[in-house]
Amino acid sequence: MLRVLPVNKTGGAESMARAETLHFLNTGIQDVIYLYSPQKSKGLSLLHGILKLLKALRNDNYTLIVSSLWPVVPVIFLCRVILWPRHFQWIHFVHSETFFSKFDFLFNYLAIRFANGVLCDSSASAALVRGYRQSMPLEIVRPVMKIGNYPLAQKNISNSFNFITWGRIKYGKNIDYGIRLVSELVARGGDASLIVVGPDEDKLMPWLNQVSIDHNVSDRIKFFGQMSHDEIYKAATNCNYFIVTSTHEGLCIALTEAMQLGLLPVVTLVGGIREYCIDGKNCIEVNLLNVPLTAERLIRLSAHDRNIIVASAINTFDDSHDYVRNYFNVLKKMSKKSL
């Protein structure tokens, strides 16, 4: 079995692939291949990706390919044509509730139409897939992974709002709203700060730094760049809130980790997040249309109510099964259906 992704970077799909290939269950079952080389030109990188996948399929006789993200799709189609009539099963993994560009729509649509089956990370992404193809093997595998024994985040102290978020810095993640929330809390007497962990994929840092200056909180916003999971979890122990201000999300793996660490989620209820977060029970919803209202709500939240929400957040995934085990079991079932 071969797992195919565009590049090895920070992101939900890549985190899932790393978990799959490092898990003790993967004793030679699945290999992973990253097609594109960021240091090469787009044309050379595409050619390199085609040759790399062709070589792997020819030499190692894989019978099942699991792909993620649209740049992989055209390469798989080309390899199917070149290697015809050699047959391999193809499962495509969808990680979002929406398409982000014309290319994202086109190639994910083609994958949904012509792959032997589709995996989805949430009911929201499954609803997207069913809008384009009903009669097909389709399974949901939620990427909830146990994070091990790490210290819980610091207790929620009145008027102390130490936010952290990790993942990719991109448009649609709306990091600027997190900065604005910090500013609104400070204006109301709160001691607020924000740590942002992750690579700047859309070159937003100059603009985000200016936003923090414009809102008089530049000394309270820290950008840590890319960090290992151990480093992230250690940094999280000095915080008490995790913030997600995204317009669109899949399941949001980072949020599932933060909840297990004891951080109080302050989130937009979008995509897969809606499936496990309930406003006032295990999270506080961010109102992107009225950030001051969210700040007022956090200021008024009692220590007792904060602790109840945190306890509920920690317990949210108590009954969740191991993602990798579910992943392999579902693939076995789907490959039998599509044979």
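Since this is a predicted model, take the numbers as computed values, not measurements.
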Look up atom [atom1] in [X] and atom [atom2] in [Y], then write down how far apart they are to the nearest 0.5 Å.
X	Y	atom1	atom2	answer
Ile221	Ile213	CD1	CD1	11.5 Å
His229	Met145	NE2	CE	7.5 Å
Ile253	Ile147	CD1	CD1	13.0 Å
Cys252	Glu257	SG	CD	9.0 Å
Arg300	Leu298	CZ	CG	9.5 Å
Arg168	Ser246	CZ	OG	9.5 Å

Please find the pair of heavy atoms, one from [X] and one from [Y], that lie closest to each other, and give the distance.
X	Y	answer
Arg80	Phe114	NH1-O, 3.5 Å
Val75	Ile50	CG1-CA, 3.8 Å
Leu152	Gly262	CD2-N, 4.1 Å
Ile175	Thr245	N-OG1, 4.1 Å
Lys52	Leu35	NZ-O, 4.0 Å
Val211	Ile179	CG1-CG2, 3.9 Å

Taking side chain as C-beta onward, heavy atoms only, is [X] less than 4.5 Å from [Y]?
X	Y	answer
Leu128	Glu97	no
Arg18	Asn8	yes
Thr63	Phe88	no
Phe224	Ile232	no
Leu301	Arg297	no
Asn282	Cys277	yes
Ile65	Leu57	yes
Val144	Met259	no

If you group Ile, Leu, Val, Met, Phe, Trp and Tyr by side-chain heavy-atom gaps below 4.5 Å, do [X] and [Y] land in one group?
X	Y	answer
Leu46	Leu54	yes
Leu263	Tyr241	no
Val73	Ile33	yes
Val270	Ile169	no
Phe242	Leu181	no

Is a side-chain donor-acceptor pair under 3.5 Å present for [Y] with [X]?
X	Y	result
His48	Ser37	yes
Ser160	Asp191	no
Arg188	Asn159	no
Thr10	Gln226	yes
His248	Ser96	no

Main-chain N/O of [Y] paired to [X] side chain as donor or acceptor, under 3.5 Å:
X	Y	answer
Lys146	Phe317	yes
Tyr276	Leu251	yes
Ser183	His215	yes
Glu275	Ala124	yes
Ser68	Leu5	no
Asp121	Gly250	no
Ser335	Leu331	yes
Asn326	Val141	no
Asp322	Arg325	yes
Asn116	Gln89	no

Cationic tip of Arg220 within the cone over Phe163's six-membered ring, i.e. under 6.0 Å and within 45° of the normal?
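Cation-pi check for Arg220 and Phe163: fails.
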Anything under 30° is parallel, anything over 60° is perpendicular, the rest tilted; go ahead and classify Tyr233 against Trp166.
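Judged by the thresholds at 30° and 60°, the geometry between Tyr233 and Trp166 is perpendicular.
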Tyr327 vs Tyr323 aromatic rings, parallel, tilted or perpendicular, using cut-offs 30° and 60°?
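Geometry flag for Tyr323 against Tyr327: tilted rings.
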Could you check Phe328 against Gln30 for side-chain contact (heavy atoms from CB on, under 4.5 Å), going step by step and ending with a plain yes or no?
CA-CA 10 Å; Phe328 282 118; Gln30 174 177 273; 4.2 Å; yes
Among Asp31, Asn26, Leu25, find the residue that satisfies the side-chain contact (heavy atoms from CB on, under 4.5 Å) test when tested with Ile29.
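Among the candidates, only Asn26 passes.
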side-chain contact (heavy atoms from CB on, under 4.5 Å) between Leu53 and Ile76, worked out:
CA-CA 8 Å; Leu53 186 56; Ile76 290 180; 4.0 Å; yes
Indicate, with yes or no, if the rings of Phe77 and Trp90 have centres closer together than 6.0 Å.
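Close enough - the centres of the two rings lie under 6.0 Å apart.
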Check the pair Lys234, Asp230 against salt bridge (Lys or Arg N to Asp or Glu O under 4.0 Å), reporting the backbone distance first and the verdict last.
CA-CA 6 Å; Lys234 287 174 183 176; Asp230 280 342; 5.7 Å; no
Evaluate ring pair (Phe, Tyr, Trp, His ring centres under 6.0 Å) for Phe105 paired with Tyr132, printing each intermediate quantity in order.
CA-CA 11 Å; Phe105 166 74; Tyr132 296 99; 5.7 Å; yes
Go through the steps for Met334 and Leu64 under the test side-chain contact (heavy atoms from CB on, under 4.5 Å), then give the verdict.
CA-CA 11 Å; Met334 291 185 76; Leu64 177 65; over 6 Å; no
Quick check: are there more than 12 heavy atoms from other residues, nucleotides or ligands sitting under 6.0 Å from CZ of Phe100?
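Atom CZ in Phe100 is packed in, count exceeds 12.
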Let me see the working for Phe161 and Ile299 under side-chain contact (heavy atoms from CB on, under 4.5 Å), right down to the final yes or no.
CA-CA 9 Å; Phe161 305 93; Ile299 289 286; 3.8 Å; yes
Identify whether the distance between the nearest side-chain nitrogen and carboxylate oxygen of Glu201 and Lys173 falls below 4.0 Å.
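Between Lys173 and Glu201 there is no salt bridge, as every charged N stays at least 4.0 Å from the carboxylate O atoms.
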